[in-house]
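From a predicted model like this one, the values you see are computed outputs, not experimental measurements.
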Amino acid sequence: MSNLRELCKGLPLHPLPENKGRREGIPHAPVRTPNLSPEEKQLALKNILAPEFAQELKLYGHIYIISVSFRAYPIQNYPCKTKSAAAIMHMIMNNLDPSVAQFPQELVTYGGNGQVFSNWAQFRLVMSYLSEMTEEQTLVMYSGHPLGLFPSSPSAPRLVITNGMVIPNYSSRMEYEKLFAMGVTMYGQMTAGSYCYIGPQGIVHGTVLTVLNAGRRYLGVEDLSGKVFVTSGLGGMSGAQAKASVIAGCVGVIAEVDKAALLKRHQQGWLMEVTDNLDHCIKRLREARKKKIVLSLGYHGNVVDLWERLVHELDTTGELLVDLGSDQTSCHNPFNGGYYPVQLSFQEANQLMATNPAKFRDLVKESLKRHVAAINRLAEKNFFFWDYGNAFLLEAQRAGADVMRKGGNKTEFRYPSYVQHIMGDIFSLGFGPFRWVCTSGDPQDLVTTDLLATSVLEEAIKHGVKDSVKQQYADNIRWIREAGKHKLVVGSQARILYSDQKGRVAIAVAINQGIAQGKIKAPVVLSRDHHDVSGTDSPFRETSNIYDGSAFCADMAVQNFVGDAFRGATWVALHNGGGVGWGEVINGGFGLVLDGTEEAERKARMMLNWDVSNGVARRCWSGNKKAYEIICQTMEENRKLNVTLPYDVLDESILGKALQC
């Protein structure tokens with residue numbers, strides 16, 4: 001508690017704490033190469049108000065300042081005047097917990113460059129502001145920089161965040177590196193910069209659903225035993241792939257170049273076996289495939305070597321050893337540590353990245369072409385590959401790889417995005433990654449919320465739902481039960497599931513009542529991934545299945561951010577970049593604190609209704625028939641809520657005919 005009080009005093013200036021440099025024993029972000037001019041370097045130091053950090057700018061390409069280490073403490077430990085502020089502190093500290101964050105000292109939560117703040121001075125200032133905040137103030141955040149506390153009303157958000165809001169003509173990668181180095185903007189990924197990351201559990205759930213639905217769509221099976229899923233990445237969010245493979249019941253083989261990341265997942269129990277021998281990897285894959293053993297196998301090496309070896313096995317033995325494939329490298333950031341070229345070792349790549357960025361870039365492009373060539377060869381047989389929304393196919397196309405679909409539009413490649421073929425139908429039904437965090441830090445509170453959520457979904461099935469909705473509810477009931485068995489909590493006591501509008505509202509109400517009745521000991525934060533029904537406009541991922549020409553428009557995400565703010569969210573965030581990279585997407589998220597009051601329930605009902613129906617309505621008007629069906633089902637409910645939508649005043653048969661055109 002005394003340490004938290006010290007943190008909340010703000011940044012100590014006289015003197016500044018000693019900067020001991022990068023700590024040993026934890027992963028670190030690659031050195032950045034922003035190519036600042038002498039004048040820009042001076043401006044970067046001036047913005048920090050501390051010339052003492054010139055050496056840090058020189059060594060790492062960015063000024064991070066002095067770091068601290070902590071975890072997400074129970075909410076009552078935070079020295080705050082409001083529960084909302086304490087809940088926000090809890091969420092921030094979880095994002096930076098060393099067991100959760102990818103590069104904790106550089107304030108990167110996941111994705112290679114997903115920042116919580118730009119530097120540790122900002123963190124300390126935010127802690128200070130939150131400790132002083134009242135229910136009639138709002139903290140405003142400009143790309144990691146706390147602008148200050150401003151008067152507002154109790155019904156307004158306590159926190160409003162924007163990250164990376166750069167004028168469109170200047171929203172390029174090159175400009176970003178300079179602007180970030182100068183400390184004036186920040187890439188918040190999705191839930192890194194909105195303080196809503198819950199560890200790799202979130203992507204475990206999404207990957208489980210993706211792999212299960214890929215099996216149904218591509219292989220025509222419900223049971224994935226003996227089926228092989230090959231992919232790459234065990235660092236940040238991608239670290240979830242091993243656990244997801246086991247829960248889905250298949251053989252998962254995941255390549256990772258960073259030994260520290262691979263061993264971290266193995267030590268956490270998320271990865272069953274590891275090997276750095278490609279012969280052993282293939283032998284083990286064959287055994288598990290033949291005997292239908294559920295396995296997660298981490299290969300310490302480059303995924304291109306793995307794909308090319310699978311091609312070799314096909315060409316020499318005629319045996320196709322893989323059924324499903326994807327990629328979860330941080331390919332949205334391919335030239336700054338997000339993708340490692342096959343021609344170099346991990347250490348060689350990090351060195352070349354810092355000393356000769358142009359040569360490194362050329363090697364990455366060559367590696368991407370080899371990567372795709374191997375996948376293309378395997379795809380000639382009964383093998384199915386999809387883009388997992390990390391800009392892999394986009395960057396491969398830019399590198400000159402053979403990935404374009406003949407006759408396709410700008411968002412269609414030779415292989416589909418998982419949104420286009422696997423998850424898009426789910427979004428159209430209103431299902432997306434809904435989550436909550438028990439701020440008590442007590443595992444028993446999470447057990448209670450799991451039981452409440454399960455009972456809500458079971459009750460919905462009992463009262464009758466469409467088969468497509470029933471399958472999603474059933475998958476999520478299975479998920480909650482499996483999540484408990486597999487001990488998926490890393491950091492805060494959190495859970496994620498995919499739910500539609502009705503399910504989210506019902507779960508929120510049940511949890512809020514549980515708090516009021518004393519079944520849950522402390523407030524619960526509701527949130528979601530930005531990767532959701534309404535939260536993100538991303539033509540190469542979330543909106544890649546929008547075919548009316550509006551996939552490159554960002555009205556939906558911006559309207560969602562604004563609408564959530566005045567419908568009851570405790571905090572809201574709007575970001576440039578996330579998932580597929582800087583300048584490629586606009587996305588937003590929220591946090592909503594449930595404290596057991598009637599007001600919290602009212603806010604949850606109002607805000608969650610908008611947070612889902614916005615995206616369903618947009619998909620309806622873009623010609624999506626599943627979205628249209630959901631809209632027709634909820635017309636009467638909308639009228640009860642005083643919601644009037646354009647399709648409410650149209651004859652259903654007219655709208656149906658329009659959608660068939």
Side-chain angles (χ1 to χ4, degrees), residues 72 75 82-92 94-95 155 157-159 161 190-191 194-199 201-202 205 430-441 445-446 448-454 456-457 476 480 491-516 519-535 560-561 563-573 588-615:
I75 190 170
T82 72
K83 290 179 182 178
S84 297
I88 294 168
M89 281 189 176
H90 180 92
M91 301 292 283
I92 290 172
N94 186 67
N95 271 26
S155 61
R158 300 280 68 79
L159 173 66
I161 304 165
M190 290 190 165
T191 52
S194 67
Y195 319 146
C196 293
Y197 190 63
I198 59 168
Q201 179 191 164
H205 181 240
F431 280 84
F434 181 58
R435 57 181 60 164
W436 61 88
V437 176
C438 301
T439 64
S440 65
D445 275 356
L446 185 58
T448 301
T449 59
D450 280 350
L451 291 172
L452 288 171
T454 301
V456 163
L457 299 182
N476 280 280
I480 293 175
S492 60
Q493 296 294 317
R495 185 66 72 228
I496 184 172
L497 56 77
Y498 270 55
S499 187
D500 57 358
Q501 177 183 317
K502 291 181 182 178
R504 296 186 205 202
V505 172
I507 290 169
V509 169
I511 290 175
N512 195 59
Q513 290 174 353
I515 298 168
K519 295 177 182 177
I520 300 167
K521 301 175 189 67
V524 171
V525 174
L526 298 182
S527 185
R528 58 163 169 75
D529 196 345
H530 297 198
H531 164 68
D532 195 18
V533 182
S534 309
N560 219 68
F561 163 80
D564 284 354
F566 65 73
R567 287 181 173 88
T570 308
W571 73 93
V572 289
F590 73 87
L592 195 159
V593 177
L594 297 178
D595 59 6
T597 62
E598 291 183 5
E599 178 65 7
E601 180 176 323
R602 186 192 68 79
K603 288 180 176 180
R605 287 182 182 277
M606 181 66 70
M607 201 218 75
L608 293 173
N609 173 63
W610 162 252
D611 195 63
V612 177
S613 61
N614 174 32

pair N609-Q501: side-chain heavy atoms closer than 4.5 Å: yes
query: Which atoms form the tightest heavy-atom contact between H531 and M190, and what is the distance?
result: N-SD, 3.6 Å
- prompt: Passes side-chain contact (heavy atoms from CB on, under 4.5 Å), D611 versus N560? Steps please.
  reply: CA-CA 6 Å; D611 195 63; N560 219 68; 2.8 Å; yes
query: Between CG of L452 and CG of L457, what distance do you get to the nearest 0.5 Å?
result: 11.0 Å
query: With sequence neighbours left out, what residues match H530 under ring pair (Phe, Tyr, Trp, His ring centres under 6.0 Å)?
result: H575
- prompt: If every non-hydrogen atom of F431 is compared with every non-hydrogen atom of Y498, which pair is closest and at what distance?
  reply: CD2-O, 3.7 Å
task: State the CG-CD1 distance between N476 and I507, to the nearest 0.5 angstrom.
output: 8.0 Å
query: If only atom types and distance count, is the side chain of Q201 paired as donor or acceptor with the main-chain N or O of A494 below 3.5 Å?
result: yes
D445 side-chain N/O to K521 backbone N/O, donor-acceptor pair under 3.5 Å: yes
query: Between P433 and I496, which heavy-atom pair has the shortest distance, and what is it?
result: CB-CD1, 3.7 Å
message: Quick check on K603: does its NZ atom have over 12 non-hydrogen neighbours (other residues, nucleotides or ligands) under 6.0 Å away?
response: yes
With sequence neighbours excluded, residues passing side-chain contact (heavy atoms from CB on, under 4.5 Å) with N94: A72, V100, S492
message: Less than 4.5 Å apart, side chain to side chain, heavy atoms only: is that true for L497 and W436?
response: yes
- line: Value for CZ (F434) from CG (D532), rounded to nearest 0.5 Å, stands at 10.0 Å
query: Quick one: does R435's side chain have a donor or acceptor within less than 3.5 Å of a partner on S527's backbone?
result: no
- request: Look only at the side chain of T439 and the backbone of P523, and say whether a donor-acceptor pair between them is shorter than 3.5 Å.
  value: yes
field: Carboxylate-amine/guanidinium proximity below 4.0 Å for E598 and R602
entry: no
- request: Give the minimum heavy-atom separation between V456 and A510, together with the two atoms involved.
  value: CG2-CB, 4.0 Å
message: Please report the interatomic distance NZ(K83) to CD1(I75), rounded to the nearest 0.5 Å.
response: 7.5 Å
query: If you measure from SG on C438 to NE2 on H90, what distance do you get to the nearest 0.5 Å?
result: 8.5 Å
field: E601/Q513 under side-chain contact (heavy atoms from CB on, under 4.5 Å): CA gap, chis, key distance, verdict
entry: CA-CA 8 Å; E601 180 176 323; Q513 290 174 353; 4.0 Å; yes
- request: Please name the pair of heavy atoms, one in A508 and one in L594, separated by the smallest distance, quoted to 0.1 Å.
  value: O-CD1, 3.5 Å
- prompt: Are the side chain of N95 and the backbone of Y197 linked by a donor-acceptor contact shorter than 3.5 Å?
  reply: yes
- request: Could you pull out the closest heavy-atom pair between N512 and A600, with the gap in Å?
  value: OD1-CB, 3.6 Å
statement: Rounded to the nearest 0.5 Å, the CG atom of D450 sits from the CG atom of L446 at a distance of 4.5 Å
Residue pair V612 / D500, side-chain heavy-atom distance below 4.5 Å: no
Can you list, pair by pair, the side-chain donor-acceptor contacts under 3.5 Å of residues 565-572, counting residues two or more places apart and other chains?
from	atom 1	to	atom 2	distance (Å)
R567	NH1	G563	O	3.3
T570	OG1	V593	N	2.9
W571	NE1	S194	O	2.9

